[in-house]
Amino acid sequence: MNSGEKALQLRSGIRLMAAVLMVLASFAAACGVGGSDPTGEKRQTGDTSAAGAGAGTGEGSGKSKGGKVDFDTVFNTEDRIRQALPDPGAMKGWEPKTGRAKLQEQPKSAAECGPDTHWDCTGIADGSVKFEAAGENAYFDIQAYADKKAAEAACGKEKEWSAKYAKAEVASVPGVEGHAYYRNAGSLDGLDLTMCLGTIIAQVRVEDAGGSSLDPATVNSLAQVFVPRIQKAASAS
């Protein structure tokens with residue numbers, strides 16, 4: 001074999017080896033061998049939306065325990081309350097009108113409030129946003145408490161207080177304890193859904209503004225927007 005034939009044979013061998021390596025590399029990538037991104041960056045999993053950014057996964061914060069939405073996080077900052085309230089981006093088709101978050105300067109204890117006070121007496125903070133659509137208004141409210149015990153006591157009081165109104169049948173959000181009622185008083189004509197979650201009471205209200213049928217399905221869909229935001233705010237660091 002002369003030198004030209006040897007060179008040709010060597011080049012053919014190199015090409016064959018390169019083809020084999022390319023096939024092996026493709027097979028490894030398809031099977032996920034190595035578990036890493038080619039860029040060296042860690043792959044994101046779960047919610048990668050802006051609403052989910054910064055949301056931690058600390059134990060007992062915003063998680064479902066035994067199928068129930070539960071958390072120990074105290075909503076004692078205006079920022080955490082704002083995170084939990086729906087923003088315009090989450091409310092397509094609705095026009096934002098008002099919004100606020102407020103901390104109580106001097107929260108009252110259960111002993112100071114007594115047994116006959118309104119259910120929000122022991123609250124440490126609250127927040128609310130309002131949206132408008134054709135013929136109806138939507139409100140999202142949060143009342144925060146110092147711990148779950150205080151929130152549970154307030155939930156019981158609220159349920160007793162609202163029992164005077166006609167019960168409404170609104171599909172529940174999975175894992176969330178709540179009750180709904182038609183709140184008709186004076187010029188007010190609305191449908192309220194009250195939910196008890198961890199250390200807060202969250203309410204969704206739809207009010208007739210000249211064209212609302214007070215559809216329970218609307219209230220349920222708004223609650224489906226609200227609850228995940230509350231969970232993310234509870235788990236945020």
Side-chain angles (χ1 to χ4, degrees), residues 49-52 62 68-69 75 78 80-102 118-121 123 125-145 151 154-234:
S49 64
K68 179 181 178 181
V69 175
F75 282 61
E78 293 181 1
R80 194 179 295 276
I81 291 174
R82 290 193 191 98
Q83 289 178 43
L85 294 168
D87 57 21
M91 293 289 290
K92 302 298 183 183
W94 294 80
E95 180 183 357
K97 300 303 292 184
T98 60
R100 64 172 180 80
K102 179 183 177 182
H118 196 261
W119 55 270
D120 63 357
C121 182
D126 62 86
S128 177
V129 290
K130 175 185 177 181
F131 293 86
E132 290 183 357
E136 60 187 357
N137 300 327
Y139 298 85
F140 298 86
D141 298 296
I142 286 178
Q143 186 71 48
Y145 295 87
C155 280
K157 277 192 172 185
E158 193 282 331
K159 194 168 185 178
E160 292 176 1
W161 173 83
S162 62
K164 59 187 175 184
Y165 297 109
K167 182 180 178 181
E169 296 296 333
V170 176
S172 61
V173 177
V176 178
E177 176 188 347
H179 59 277
Y181 51 92
Y182 292 100
R183 190 176 175 189
N184 309 106
S187 60
L188 176 65
D189 189 14
L191 173 53
D192 286 27
L193 171 64
T194 300
M195 300 176 287
C196 301
L197 307 92
T199 60
I200 71 168
I201 294 177
Q203 292 183 304
V204 176
R205 177 183 303 116
V206 172
E207 288 183 0
D208 183 12
S212 174
S213 62
L214 302 181
D215 187 356
T218 299
V219 175
N220 174 262
S221 67
L222 295 176
Q224 297 282 0
V225 171
F226 200 8
V227 170
R229 294 183 68 92
I230 293 171
Q231 289 180 278
K232 289 179 180 178

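Fair warning: this is a prediction, and the values are worked out from it, not measured in the lab.
Pro216 has its side chain out of reach of Glu169: every pair of non-hydrogen atoms, C-beta onward, lies at least 4.5 Å apart. With contacts defined as side-chain heavy-atom distances shorter than 4.5 Å, the pair Lys97/Tyr139 does not qualify. Residues Glu136 and Trp94 are in side-chain contact: their nearest non-hydrogen atoms beyond the backbone lie under 4.5 Å apart. Side-chain contact check for Ser128 versus Gln143: every heavy-atom pair is 4.5 Å or farther apart. At a threshold of 4.5 Å between non-hydrogen side-chain atoms, the residues Arg100 and Val129 do not count as touching. In this structure the side chain of Asp126 never reaches within 4.5 angstrom of the side chain of Asp141, judged on heavy atoms. With a 4.5 Å cut-off on side-chain heavy atoms, Tyr145 and Phe75 do not count as touching.
Taking both residues in full, the closest heavy atoms of Pro86 and Met91 are given as CB-CG, 4.1 Å, listed atom of the first, atom of the second, then distance. In this structure, Cys155 and Ile201 approach most closely via the heavy-atom pair SG-CG1, 3.5 Å. Smallest separation of non-hydrogen atoms from Asp208 and Leu214: N-CD2, 3.8 Å. Between Ala233 and Gln83, the closest heavy-atom pair is CB-CB, 3.9 Å. Of all heavy-atom pairs between Ala223 and Val173, the closest is CB-CG2, 3.7 Å. Counting all heavy atoms, side chain and backbone alike, Val204 lies closest to Phe226 at CG2-CD2, 3.7 Å.
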Arg82 and Asp87: CA distance, side-chain angles, deciding distance, salt bridge (Lys or Arg N to Asp or Glu O under 4.0 Å) verdict: CA-CA 9 Å; Arg82 290 193 191 98; Asp87 57 21; over 6 Å; no
Trace of the side-chain contact (heavy atoms from CB on, under 4.5 Å) decision for Asp189 with Glu207: CA-CA 6 Å; Asp189 189 14; Glu207 288 183 0; over 6 Å; no
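With sequence neighbours left out, the ring-ring contact (aromatic ring centres under 6.0 Å, His included) criterion links Tyr165 to Trp161, Tyr181. Take Pro88 and apply the side chain to side chain contact (heavy atoms under 4.5 Å, CB included) test, not counting sequence neighbours, and it matches Pro96.
Checked by atom type and distance alone, the side chain of Ser221 pairs as donor or acceptor with a backbone atom of Thr218 at under 3.5 Å. Here the side chain of Arg229 pairs a donor or acceptor atom with the backbone of Leu85 at under 3.5 angstrom.
A distance of 9.0 Å separates OG in Ser172 from CG in Leu193, rounded to the nearest 0.5 Å. Of the inter-residue distances, the one linking Ile142 atom CD1 with Ile81 atom CD1 reads 6.5 Å to the nearest 0.5 angstrom. In this structure, the separation between OG on Ser212 and CG on Asn137 is 9.0 Å, given to the nearest 0.5 Å.
Among residues at least two apart or in separate chains, side-chain hydrogen bond (donor to acceptor under 3.5 Å, both in side chains) pairs with a member in residues 190-204 are Glu158-Thr194, Asp192-Arg205, Thr194-Gln203.
Counting non-hydrogen atoms of other residues, nucleotides and ligands closer than 6.0 Å to NZ of Lys164 gives a total above 12. In this structure, Glu177 places its CD atom where only 12 or fewer heavy-atom neighbours from other residues, nucleotides or ligands lie under 6.0 Å away.
Just one residue in the list Glu160, Lys159, Lys157 forms a side chain to side chain contact (heavy atoms under 4.5 Å, CB included) with Trp119, and that residue is Lys157.
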